[in-house]
Amino acid sequence: MNAIILTAIWGVMMMLGGAFIKSKTTPKYLAIFGLAAIIIANCMQMNSGMAFFSVDVKNMLHFNSFNLTFINVAFGCTLLLFLLNGRDIEKVGENVSEYFALIFFILCGIAIISTFNSLLMLFIGIEIVSIPLYILTGSDKRNLKSNEAALKYFLMGAFSTGIMLLGIAFLYGGSATGSFYIDNIISGNAPMPAMIAAGLVLLLISMSFKVSAVPFHFWTPDVYDGAPTVFTSFMATIVKAAAFFAFVRLFENTFGSMHAQWQTLIVILIAATLLIGNLTAVFQQSVKRMLAYSSIAQAGFMLFSLFAMNNLAKEGLVLYAAAYSLASIGLFAVLIKMKDYTIDGFNGLGKQQPLLAVTATVFLLSLTGIPLTAGFQSKFYMLMAAVQTGQHIWLVIFAVLCAAISAYYYFRIIQAMFFKECKEDVILADDITPAFKILLVLTAFFIIVLGIFPGMLTDWLYF
Amino acid sequence: MDPKNIWITFPELLIWFPLVAGLVTFFIRKEKMVKQWAVLASLITLLISAASLIYADNGKYFYYNNVSYYWLRYLGSNFTVGLDGMGHMLTALTAISFPVIFIATYKNNYKNAHVFYGLMLLTQSGLMGVFTAMDLLVFYFFWELAVIPVYFLCSRWGGEKRIQATFKFFVYTFTGSLLMLVGIIYIYMHTVPTAAAEHSFSMNAVYGVMLSPEEKSWIFWLFFIAFAIKMPVFPFHTWQPDTYEQAPTSTTMVLSGIMVKMGVFAVIRWILPVFPDAVSKFDNIVIGLSVIGMIYASLIAIKQDDLKRFVAYSSIAHIGLMCAAIFTKSEMGLQGVMIQMFSHGINIIGMWIVADLIEKQTGTRKISELGGIAHKAPVLTIFLVIIALANIALPLTNAFVGEFMMFSGLFQFNFWYTAVAGLSIILAAVYTLNMIQKVFYGEANSITGTMQEISLSQKLILAVLVVLIFLFGVYPQPLFDLTKDTVLNIITRLK
Amino acid sequence: MSNVFQLVWLIPILPLLGFLINGLGRKQVSKTMAGIIGSGTVFLSFLLSVAVFFSVKAGNTHVAHYFDFINITALKIGFDFQIDPLSSIFLLIITGVGFLIHVYSTAYMHDEAPKDFAKYFAFLNLFVFSMLLLVMGANFVIMFIGWEGVGLCSYLLIGFWFKNTNYNIAAKKAFIMNRIGDLGFLLAVFWLISKLGTADYHTVFAGVSKLTVTDITGITLLLFVGAMGKSAQIPLYTWLPDAMAGPTPVSALIHAATMVTAGIYMIARSNILYTMAPITQGVVAIVGLSTAILAATIALKQNDIKKVLAYSTVSQLGYMFLALGVGAYTGAVFHVMTHAFFKALLFLGAGSVIHAMSGEQDIRNMGGLKKYMSVTHITFLLACLAIAGMPPFSGFFSKDEILAAAYARSPLLWGVGVAGAIMTAFYMFRLYAMTFHGKFRGTPEQEHHLHESPKAITIPLIILAILSVVGGLIGIPEIFMEGGHRLEAFLAPIFKESNKILVDHPIDHTTEYMLMGISVGAALIALVFAWSKFSKYQKADKEETGLGKILANKWYVDELYDAIIVKPLLALAKYFNNIFEKKGIDGFVNGVGKAVNYGSRQIRLLQTGQVGTYVLMMVLGILLFFIIQLFL
Amino acid sequence: MALFSAIMVVASKSPVHSILYLIVVFFAISGHYIMLNAQFLAIVNIIVYAGAIMVLFLFVVMLMNLNAESEPKKHRMLQFAGLISGGCLFLVIIAAVSESAQASNLVQLGGGNSGLIKNLGMVLFKDYVLPFEISSVLFLSAMIGAVVIGKKERS
Amino acid sequence: MEIKWYIGLAVALFCTGIVGVLTRRNSIIIFICIELMLNAVNLLLVAFSKMHAASALMQSNPDVVSDAQIFVFFIMVVAAAEVSVGLAIIVMLYRNTHSVDVNFLNRLKN
């Protein structure tokens with residue numbers, strides 16, 4: 001609760017602040033400060049159940065250490081993003097504080113969709129997340145790509161909203177007494193009535209649109225490519241993770257009891273997502289676009305949590321969210337500093353900026369899933385969860401083969417950085433501050449620590 | 001001997017010391033200092049390993065050689081490392097190889113040497129981990145970690161086609177180990193619950209896993225492919241010659257001298273005891289592949305014109321024999337493999353050193369361009385002839401004992417496999433003598449005319465190797481005594 | 001007396017020491033030093049061998065265990081030596097003849113540079129060491145160690161002048177052919193181990209009854225393959241003539257006196273196995289005999305003095321195997337001994353001739369040498385008489401014993417054997433006559449520094465000559481003198497098991513006299529014919545025709561091997577290397593990568609950038625999911 | 001009638017017309033609302049949608065004076081495919097759902113007063129106060145967005 | 001009057017909207033069609049709420065839930081918000097390209 005209300009309030013503050021503060025840098029510090037405070041508040045609620053506001057939520061939201069932990073992860077990553085790329089947010093346009101305000105609203109939405117207990121809250125939460133995103137995508141107004149991305153995102157987003165609503169409507173109609181509470185829409189694992197089934201399929205589709213699972217992923221590459229890189233990094237990591245969390249939460253609480261009846265769809269989703277995502281990424285020349293596809297591929301792995309639906313899977317999801325977000329944010333942070341976003345643009349980074357190159361390597365290894373990095377642990381959890389179900393082992397094998405393919409494109413960057421000669425003498429767009437370096441190193445370090453002791457994160461989920 | 005008053009155990013030392021040393025190396029700037037430091041560090045590791053050999057008796061000094069910490073305790077995986085006979089032998093091999101390699105290639109200069117030597121030491125630490133891991137997950141960790149530094153070493157300091165070659169190597173092994181990972185998880189999910197967690201990765205749990213024969217059969221393949229790629233066994237070998245050819249020689253020495261043993265070791269440690277029935281189900285296929293590989297590789301070796309590729313293929317042939325011998329499941333075969341792992345490590349490193357010396361001086365590896373080195377550098381020649389003959393298992397050299405026992409193990413398994421595999425003895429003679437004759441005998445030509453005799457330090461290193469060769473060729477018993485327990489345990493499990 | 005046995009380990013160790021000193025210090029030691037060390041060590045072990053011999057003669061044998069070579073629960077192989085009549089005889093031959101040849105070499109190799117000189121002696125000592133190991137080993141593994149060791153040394157010594165590529169190729173050929181044999185040997189050992197769990201002689205021979213007939217036949221045949229390689233029998237004999245590339249003393253020591261007889265030693269050692277395997281015996285006899293004939297025929301037309309001797313060696317070895325095949329083990333060993341004497345003598349003589357002719361080896365360019373080098377001439381003549389089997393020279397006794405045994409088995413064998421003997425006599429005296437009689441056919445400058453060789457060469461010649469004259473007397477047939485066959489009595493303990501089994505149908509004395517008469521007479525005729533034909537030989541370079549041509553080209557055996565084995569093998573290797581490896585396996589691996597790339601390039605096109613298409617895709621997806629979920 | 005005009009929305013060439021048709025659709029729907037005695041929603045529908053939103057649309061269209069422009073067709077194939085797949089979807093969903101038409105779920109006209117403003121207001125501000133507040137956040141963000149996007153960049 | 005007719009109608013409207021999205025290329029019209037879809041959903045929801053209310057009445061419990069109508073209300077709210085943003089985006093694009101044709105949006109592909 002703290003998180004939701006505080007983010008909302010802070011968003012408003014930022015907005016108003018934008019009206020009075022003229023300097024471009026202050027909003028950043030404001031935002032960082034606020035976010036830090038909010039995280040602390042959230043932790044307080046998590047550890048000692050201390051809530052600043054006593055709102056009767058009428059059971060529309062539901063808080064437990066599990067989703068509070070997730071909120072922490074999401075907010076923490078955002079904080080990291082602010083710290084790393086605050087200056088780049090300033091570069092995007094002139095209404096800096098508004099951007100921050102929007103991000104805060106998005107965070108509010110994220111908090112909602114990770115705690116929702118009623119379809120209504122889910123719907124509103126998702127809208128709160130998406131509408132500001134449309135704007136952020138288009139925020140680079142002069143850039144046609146950005147505009148185009150915004151429109152595409154908006155149209156398809158709205159379309160998927162319609163589908164989701166239809167699904168909700170059917171669920172409502174199909175439920176016994178007509179209710180939007182996810183846990184009493186259906187009970188028992190009897191073969192579900194057709195209307196529920198229809199609702200389920202529609203919801204499944206709209207959610208997989210949000211998490212960009214094949215074949216509902218088409219918006220992803222274009223939008224990620226078009227949007228300003230800072231916001232791409234935000235979208236591709238935190239928002240996506242949140243969407244996943246909502247996805248799992250929804251399906252676990254609503255349809256968990258009849259898991260077996262819709263597993264087939266998930267299997268298809270996973271297979272398609274892994275295949276398309278990895279294959280398409282192989283040939284990309286622009287790193288940004290490649291990362292977009294790789295995010296699809298990673299989504300394929302996260303879908304395993306939906307496939308398995310056991311404790312390992314849930315831990316794994318949180319772990320995966322953290323690992324994937326950290327690595328991607330770090331990588332994007334490096335990418336933003338580059339002049340040329342193509343892979344050749346990275347040539348010889350290892351010589352000019354060894355530190356950047358090394359940290360970037362750690363991120364890439366983590367994304368590939370090499371042991372000793374968080375990436376490995378998360379994949380490991382997912383695979384374990386999948387194997388624990390004891391069915392569709394072929395899918396697991398397929399997944400690891402795809403992971404092998406992913407090594408192919410991630411390592412292209414490593415090769416470029418270390419083993420190729422750079423053409424021009426400077427390949428960075430702007431100078432690197434020591435703080436930036438330290439942060440990167442910290443991130444890398446944290447990734448490795450998580451890779452050795454994933455318990456640090458997963459143990460929070462229980463108490 | 002109370003475990004409490006042992007503050008650190010040998011396996012830990014063997015893993016952590018090179019790791020720390022390696023990390024330190026990254027921060028030394030002066031190239032000369034880097035080299036000295038690397039040599040020193042590797043020598044200290046050698047001392048540690050020597051000390052551990054003194055306490056090799058696991059009955060008396062169990063707590064010196066085995067230790068376990070909580071790691072992912074809720075997953076039931078603990079950081080368990082220990083040294084049994086095989087572990088002792090292979091860590092010793094690793095510990096010996098690195099100083100030898102460092103000193104032998106002391107004259108080679110690398111761009112940012114500190115990174116190079118740092119990575120080398122990290123590799124050593126990873127290898128030590130693989131050989132000491134007593135927990136399947138820990139094993140998998142080190143298994144991967146040992147490869148990463150090698151990947152960077154090869155594609156940073158290698159030959160001109162290095163990037164593709166190394167990348168092929170990496171993806172190939174990575175795919176293999178991912179498949180193995182699936183197998184690991186599957187086994188884990190079927191281990192019996194323990195007090196700490198509901199499943200466990202610990203060695204005993206894995207050895208005692210309950211699986212139906214069909215499951216075991218296909219998991220066996222998941223594991224075996226991973227190890228077969230690393231060894232490499234016949235159809236999975238194509239990454240090897242390219243990588244050996246492209247990699248910087250000192251890395252190649254690590255690759256072929258020790259890393260190859262990872263595969264052999266892993267088969268003995270993680271396949272034989274876990275899937276005994278699957279092993280006896282597929283032994284014919286595996287042995288068949290290995291034997292084919294031996295002949296195939298030997299034939300190709302005859303045609304090789306590049307010294308490095310030549311050694312690579314000869315090594316494939318030898319590995320084939322080891323793999324075949326393992327799957328005979330006979331004590332004789334396994335003992336042979338044990339001693340052969342050690343001998344092959346020594347011999348092939350020797351081969352690489354000589355090849356490197358020649359390349360450094362003449363600037364070419366083409367066998368056809370060399371010739372007549374024998375009277376330019378007689379000492380070098382003598383060393384090479386000895387090492388090469390050891391490589392083709394002449395009696396009283398270390399390889400002979402190993403091959404003799406492996407063959408007789410294979411013979412007990414099946415006569416015809418042995419007869420066919422035996423042809424490789426002849427072919428080995430053919431290609432080795434061809435090489436010796438072309439490179440060393442005959443008249444010197446323009447390229448080899450400038451050949452100098454090798455320096456004292458190099459002589460010393462080679463002398464050390466040669467001494468080892470003859471020592472274990474005449475009196476191999478120590479190695480047998482060291483590894484006897486391991487072998488017998490495995491045999492009893494196979495029964 | 002048994003205290004000698006405490007010292008047997010010195011016998012092989014001394015030459016090893018010599019090897020180490022000469023080998024490591026080859027830059028330091030002077031030529032004389034090297035010579036002294038080399039010959040001295042061998043001489044010492046000769047003395048020891050003599051001592052051992054006498055203590056064995058006194059009737060006690062000895063097995064010494066030094067340390068465990070391999071000791072695991074499944075297999076125990078000790079580093080053991082076994083001293084008994086058989087090995088003691090060979091000890092004498094090896095060290096004795098070896099010593100003489102060392103002495104000879106000091107003079108013969110005198111033109112070499114000091115360090116090569118030292119190297120030469122090092123190798124020679126190493127050879128003696130391995131050979132001793134071979135005969136002293138108490139189990140097949142130790143024997144195999146020596147077995148491969150001698151092969152190695154012969155490789156090193158043949159290729160001693162390594163600048164000459166042809167020599168290297170010859171050396172390589174020798175080594176590889178030996179390896180082929182070694183494989184057979186190894187397989188046999190494995191077979192023994194897998195059946196009896198040990199490789200010790202006494203346990204094996206004791207446990208022979210445990211083996212099935214198949215086992216024994218298989219084992220013996222495989223062992224015989226080993227013998228073929230080492231002792232140059234069909235089909236693995238071609239390396240021996242080429243081996244003449246080495247220095248002549250080497251040829252004398254390795255390729256005449258000792259190494260090539262390792263095969264005979266091995267079979268004699270495991271005689272009991274062979275006795276139990278009649279099939280193998282048949283094979284051995286036939287192979288031996290045919291080798292004898294084939295080699296003899298080839299020898300008829302050779303003009304290189306050493307080649308002739310080489311082929312004669314092959315053919316003599318054939319006789320020995322014939323003996324083994326017909327179960328006359330003693331005869332075989334006997335012939336080994338006598339052959340060691342006279343063949344060594346022949347080679348050394350040839351060496352002295354070559355030395356005098358300053359490297360010339362073609363007998364067509366010699367002739368009339370007897371007036372220049374008398375000692376060589378006399379000794380050579382004696383040796384020729386011995387090998388031609390003229391009584392009372394040593395060759396007569398041994399060869400006669402073999403032929404008699406062959407006759408006992410079947411007259412046919414005997415007949416062919418005699419034919420071989422005749423040819424032997426013929427080509428030996430062709431050689432002798434062309435070399436020493438007639439008038440000199442070489443170049444003037446060769447002629448004017450023709451000279452008798454130095455003492456170091458002639459003294460060994462004389463000693464060997466004496467031996468090859470009287471050497472036969474230790475084995476006088478029963479018919480001449482009761483108990484005259486001392487050798488047989490001496491070796492009896494080794495062969496008694498076999499002799500129990502072997503049914504010997506004795507041939508009455510008249511027949512035996514007749515046989516002797518025939519063979520000797522025939523040989524005599526051939527001898528005289530050859531002498532008369534070639535002592536007036538004139539160089540007439542007319543092209544050989546018909547059979548002569550085939551013989552001169554050694555039946556084209558080398559070409560045959562090259563065509564049916566070497567070339568196909570290389571072609572296969574080439575195919576594997578260039579096609580199968582690159583296109584096949586590696587091609588597949590890379591193909592996967594290419595496939596991924598291609599797929600990526602295609603799938604990429606799905607992303608058209610058109611919102612319409614995207615939505616359409618989505619709708620299709622929706623349709624698909626509905627159908628799957630609700631109607632399937 | 002609703003259906004017909006809906007189709008016209010899709011079919012008609014000029015945007016203006018389709019907007020007008022859409023308004024018709026809204027009216028039709030509101031009629032249904034009343035029939036389903038959701039009077040409040042009916043009113044809101046008329047006011048918000050037909051009144052506000054559509055006017056907004058009209059403004060935009062006028063401002064771009066698109067009515068003149070007759071858009072060139074996109075390739076028939078794609079259009080046809082769209083038509084087909086839409087139809088299929090319709091059939092599929094109907095087929096899927098109609099199975100579950102139980103007897104009980106007939107919707108009687110009249111009776112019940114759930115739709116009156118009073119009760120709705122009670123529910124809305126008692127039970128649904130949280131979403132109500134939250135939706136304010138939504139509006140805020142939308143507002144900011146509109147401003148950020150809409151306003152001209154200086155410089 | 002049975003519920004199924006309402007379902008039919010709503011789904012029909014919805015699919016009409018989809019067809020519109022698929023076939024038209026003027027972004028405004030596409031947007032309008034999406035609005036159409038939303039309204040279809042509204043209709044359906046109201047119908048369902050009525051249905052449940054009716055069944056509740058049959059089981060004769062007076063206080064009738066009308067969540068669905070609230071939900072519809074929120075949908076309208078959200079729709080309004082979306083419209084404002086969406087139109088803003090379209091206008092921005094029109095400023096830059098002087099077209100609202102979605103087919104010209106193909107700078108980003110592959």
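Just so you know, these numbers use all the heavy atoms, side chains as well, and skip hydrogens, waters and symmetry mates. All figures in this text were calculated on a predicted structure; none of them were measured in a lab. Within every chain, numbering begins at 1; the chains are lettered A, B, ... in the order of the sequence lines, protein sequences first and strands thereafter.
Annotation: side chain of V11(E) is in contact with side chain of F170(A) (closest heavy-atom distance under 4.5 Å). With a 4.5 Å cut-off on side-chain heavy atoms, F74(E) and E127(A) do not count as touching. Contact of the N147(A) side chain with the I89(E) side chain is not registered, since no non-hydrogen atoms from C-beta on lie closer than 4.5 Å.
Here the closest heavy-atom approach between residue L151(A) and residue S27(E) is recorded as CD2-CB, 4.2 Å. Closest approach of I131(A) and A81(E) over heavy atoms only: CD1-CB, 4.1 Å. Contact detail for F48(E) and M195(A): the closest heavy-atom pair is CZ-SD, 3.5 Å. Minimum heavy-atom separation, V41(E) to L166(A): CG2-N, 3.8 Å. Residue A169(A) comes nearest to L44(E) through the heavy atom pair CB-CD2, 3.9 Å, listed as atom of the first residue, atom of the second, then distance. Across all their heavy atoms, L93(E) and E148(A) have their closest contact at CD1-N, 4.1 Å.
Contact count against chain E (heavy-atom pairs under 4.5 Å) is highest for A158(A) among G226(A), A150(A), G138(A), A158(A). Of the listed residues I90(E), T97(E), I75(E), the one with more heavy-atom pairs under 4.5 angstrom with chain A than any other is I75(E). Interface summary for chain A: among A88(E), G86(E), A10(E), the most heavy-atom pairs under 4.5 angstrom belong to G86(E).
Heavy atoms closer than 4.5 Å to chain E are found in both the backbone and the side chain of F159(A). With a 4.5 Å cut-off on non-hydrogen atoms, I168(A) touches chain E through its side chain but not through its backbone.
Distance check, rounded to the nearest 0.5 Å: CD1 of I34(E) to OG1 of T161(A) gives 8.0 Å. Put simply, OG on S139(A) and CE on M92(E) are 8.5 Å apart, with the number rounded to the nearest 0.5 Å.
For F71(E) and Y172(A), the distance between ring centers is not under 6.0 angstrom.
When the heavy atoms of residues 115-123 of chain A are compared with those of chain E, the residues falling under 4.5 Å are L119(A), L120(A), F123(A), listed by number.
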